[in-house]
Amino acid sequence: MASITTFFRLEPDPLRPDVTVGATAPLHDPLWLLARQWQTGEFAAQDGGTPVVARWRGVVAPPTRFVAGRIPPDTQLQAPRFDASAAPLETLIEAVGTTLPAGADGLAGLRLGVDTGRLFLRLFAAQSTSRDYGPALVTAFAVPRYADDVLAQADQATAGYARLHGGRSLDGRRLRAELAGRPLPRFGEQVAAGDVAEVRAACADWLALVAELFDDVDAAAESWQPDRFEYTASISARLGPSGFDETTLTAQRYDSDVLDWYEFDVNGEVNLGTTPAEAGETLVRTVMPAPVTAPGLPARRFWEFEDAAVNLAALAPAETDLAQVLLIETLSGYGNDWFVIGVDLPVGRLVRSTSLVVTDTFGARTLLNPIGTTSALAPGWSMFQHAMPFDDAAPEGATIRNLLYLAPRLARPVVGGVVEEVLLARDEVANLSWAIEQIVESPLQGPVRLSSARPPDPPGDPDVAPDYHLAQAPPPHWIPLLPVRTGSDEQVSLARGSVLDLDGRRVVTSVTELLGGGPDGALLIPEEEVPVGGLLVQRSYQAARWTDGTLHVWAAHRTKVPGSVPPSGVRYDYLIE
């Protein structure tokens with residue numbers, strides 16, 4: 001027998017056209033609800049009130065000492081002072097090398113020499129002098145006419161630029177060398193007595209402008225570690241008058257990605273010599289707590305609909321996914337119980353909270369102690385904390401509670417093109433590692449891509465016996481890194497090796513500053529610094545504006561994982577037929 005199914009649709013039919021009563025959702029017996037809340041003990045809850053005012057007290061201290069490079073453990077020194085708010089911290093840590101050369105002996109800095117020379121002529125033309133000294137200055141400090149053998153070693157663009165400006169343009173490099181230690185240049189003409197002040201002012205203004213073009217750093221004060229291809233620097237601040245209140249933060253392995261608070265660890269083994277006069281100040285902030293809002297959280301208003309973009313009820317965690325279950329329970333059940341207290345702090349300061357007093361709607365004041373203090377009843381839960389490494393076996397170290405470094409980082413600096421690039425790679429077939437120089441900086445501050453094409457082997461002669469070769473030479477600009485031990489108990493390091501060519505055994509020299517090595521030119525790279533997938537080290541120029549409007553330009557190194565590693569093609573014991 002066939003089945004007959006009947007459907008009925010139920011539609012709401014209001015008794016009255018006015019929906020005001022239903023929208024207001026009145027209670028017919030509010031006293032009964034209050035009685036039930038009293039019976040269940042809701043009025044006795046300690047957190048029944050809503051926070052309306054929060055008063056935060058803390059200590060903020062600017063870092064006043066800076067040391068570039070590694071510091072041995074158990075070291076106490078008198079580090080130089082620095083102003084943490086004068087410039088971005090990236091310029092102090094990342095800056096490498098000196099962009100403007102001191103002389104014009106070679107082609108280095110040729111374009112900057114011409115540009116700074118033009119700047120001097122413009123400044124000099126703005127002065128009111130009795131006659132024009134510009135042609136005499138250009139003649140005395142012109143760009144050198146380089147020999148053909150020198151230009152033959154340069155790239156095509158640099159050689160053409162040098163021929164164009166040789167003997168025609170004022171060289172700022174030579175003028176800077178002339179003005180070192182003297183107020184007026186010697187250029188073959190006697191400056192009139194009434195023009196001495198104008199010439200001296202033009203030279204002083206030009207030297208001041210040139211000195212502010214780049215954030216250069218002395219080679220002895222660089223934070224860049226050439227053996228590990230990373231930055232290491234330490235800063236220190238004093239939060240109180242006591243000697244134990246000094247806190248030293250060390251960026252152990254900063255790779256020039258994003259300089260923020262998590263790059264710094266508390267270093268309890270060094271003291272940089274802060275004084276009680278450098279102690280921080282106490283700040284008090286009174287703010288209104290704001291409820292935490294996020295998509296998917298329960299709405300606080302009665303007739304407000306939640307955001308449908310996030311449906312926490314539709315999540316289906318696995319049986320073993322306890323973290324997701326707790327997250328859903330926290331957001332859906334207690335999401336509207338969280339409040340945010342925004343505290344306005346000066347940038348570039350080390351902050352330690354002292355107390356937090358919260359006043360709720362019932363007028364009750366609650367003192368909240370920082371997590372980890374001795375007066376706290378429980379250790380509590382927290383995030384975003386500094387660590388203090390103390391053992392090589394435990395790199396995470398001990399957690400330092402109640403400490404925050406508000407790093408003066410840049411939001412988005414302008415990064416120029418790559419002017420130097422070196423690829424570090426392992427070669428399991430040849431049983432060594434390679435430092436492949438791919439891009440070198442030209443005297444025009446531009447990139448010059450180096451060729452890595454090996455010349456083809458000469459064709460064999462069938463009438464002649466095969467030619468035996470002990471080893472094949474690597475491609476150009478491939479520097480071998482050989483494993484060595486610097487001591488009996490030292491780990492394996494990679495040292496700059498040598499290659500065997502037709503003229504005999506020779507040491508391969510590098511043309512990039514990235515492989516310049518230490519101050520003595522030695523290059524010893526720890527073996528763990530060259531991963532299996534390779535490491536790409538680049539150098540580029542960056543620019544940024546600081547809070548006071550000043551422009552900062554500096555050269556920085558960056559490291560990243562390469563996309564691919566080319567094969568070297570090196571082989572041993574082969575015949576050419």
Side-chain angles (χ1 to χ4, degrees), residues 95-127 129 132-182 184-189 198-216 414 416-420 439-449 511-513 539-543 551-555:
V96 292
T98 302
T99 308
L100 292 172
D105 298 335
L107 292 172
L110 174 61
R111 185 180 67 87
L112 289 177
V114 174
D115 292 343
T116 53
R118 291 173 178 172
L119 176 61
F120 175 79
L121 293 178
R122 287 198 298 268
L123 293 176
F124 192 80
Q127 300 291 335
T129 56
D132 186 12
Y133 299 98
L137 288 169
V138 173
T139 303
F141 304 103
V143 176
R145 298 182 183 271
Y146 296 98
D148 293 338
D149 56 344
V150 176
L151 298 179
Q153 301 177 1
D155 60 287
Q156 184 177 0
T158 302
Y161 193 89
R163 292 190 181 97
L164 176 63
H165 293 277
R168 297 186 180 96
S169 300
L170 179 64
D171 194 341
R173 301 171 298 174
R174 300 181 60 185
L175 184 59
R176 287 180 64 235
E178 173 66 19
L179 292 176
R182 63 175 60 250
L184 294 176
R186 296 167 297 181
F187 56 97
E189 285 193 12
E198 285 76 8
V199 176
R200 181 175 300 179
C203 294
D205 294 343
W206 179 74
L207 289 175
L209 287 176
V210 171
E212 296 177 355
L213 287 177
F214 300 96
D215 290 272
D216 295 334
V414 179
V418 177
V419 295
E420 277 195 1
I439 298 177
V440 66
E441 183 179 4
S442 71
L444 306 183
Q445 275 66 51
V448 176
R449 184 163 292 276
V511 296
T512 60
E513 296 182 5
R539 185 166 70 91
S540 59
Y541 291 96
Q542 303 184 27
L551 177 64
H552 297 270
V553 182
W554 70 100

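What you see below is based on every heavy atom in this structure, not just the backbone, and it leaves out hydrogens, waters and symmetry mates. FYI, the numbering just counts along the sequence from 1.
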One should read off an interatomic distance between Phe187 CZ and Leu175 CG, to the nearest 0.5 angstrom, of 10.5 Å

Would you tabulate the side-chain donor-acceptor contacts of residues 115-122 under 3.5 Å, counting partners in other chains and residues two or more places apart, or write 'none'?
{"from": "Asp115", "atom 1": "OD2", "to": "Arg111", "atom 2": "NH1", "distance (Å)": "3.1"}
{"from": "Thr116", "atom 1": "OG1", "to": "Leu112", "atom 2": "O", "distance (Å)": "2.7"}
{"from": "Thr116", "atom 1": "OG1", "to": "Gly113", "atom 2": "O", "distance (Å)": "3.1"}

If I take atom CZ from residue Arg200 and atom CG from residue Leu179, how far apart are they, to the nearest 0.5 angstrom? 11.5 Å

With a 3.5 Å distance limit and no angle check, can you tell me whether Gln127 reaches the backbone of Val199 through a side-chain donor-acceptor pair? no

Which pairs of donor and acceptor atoms, one on a side chain in residues 148-156, lie under 3.5 Å apart (sequence neighbours left out)?
{"from": "Asp155", "atom 1": "OD1", "to": "Thr158", "atom 2": "OG1", "distance (Å)": "2.6"}
{"from": "Asp155", "atom 1": "OD2", "to": "Ala157", "atom 2": "N", "distance (Å)": "3.4"}
{"from": "Asp155", "atom 1": "OD2", "to": "Thr158", "atom 2": "N", "distance (Å)": "3.2"}
{"from": "Asp155", "atom 1": "OD2", "to": "Thr158", "atom 2": "OG1", "distance (Å)": "3.2"}

What distance separates Cys203 SG from Glu178 CD, expressed to the nearest 0.5 Å? 9.5 Å

For the pair Tyr541 (side chain) and Val414 (backbone), establish whether a donor and an acceptor sit closer than 3.5 Å, ignoring hydrogens and angles. no

Value rounded to 0.5 Å, distance of OG in Ser442 from CG in Leu110: 9.5 Å

May I have the step-by-step check of side-chain contact (heavy atoms from CB on, under 4.5 Å) for Ile439 and Arg539, ending in yes or no? CA-CA 10 Å; Ile439 298 177; Arg539 185 166 70 91; over 6 Å; no

Less than 4.5 Å apart, any side-chain heavy atom of Pro144 and any of Arg173? yes

Heavy atoms of Gln445 and Val419 approach each other most closely as O-CG1, 3.9 Å

Restricting to non-hydrogen atoms, name the atom on Phe124 and the atom on Ala202 that form the minimum distance, rounded to 0.1 Å. CD1-CB, 3.8 Å

Quick check for you: to the nearest 0.5 Å, what is the distance between His165 atom NE2 and Leu170 atom CG? 12.0 Å

Where is the tightest heavy-atom contact between Ala162 and Tyr146, given as atom of each residue plus distance? CB-CD1, 4.1 Å

Name each donor-acceptor pair under 3.5 Å that joins a side chain in residues 133-142 to protein atoms two or more places apart or in another chain, with its distance.
{"from": "Tyr133", "atom 1": "OH", "to": "Ala192", "atom 2": "N", "distance (Å)": "3.2"}
{"from": "Tyr133", "atom 1": "OH", "to": "Asp195", "atom 2": "OD2", "distance (Å)": "2.9"}
{"from": "Thr139", "atom 1": "OG1", "to": "Pro135", "atom 2": "O", "distance (Å)": "2.9"}

Leu123 vs Leu209, side-chain contact (heavy atoms from CB on, under 4.5 Å): CA-CA, chis, key distance, verdict: CA-CA 10 Å; Leu123 293 176; Leu209 287 176; 3.7 Å; yes

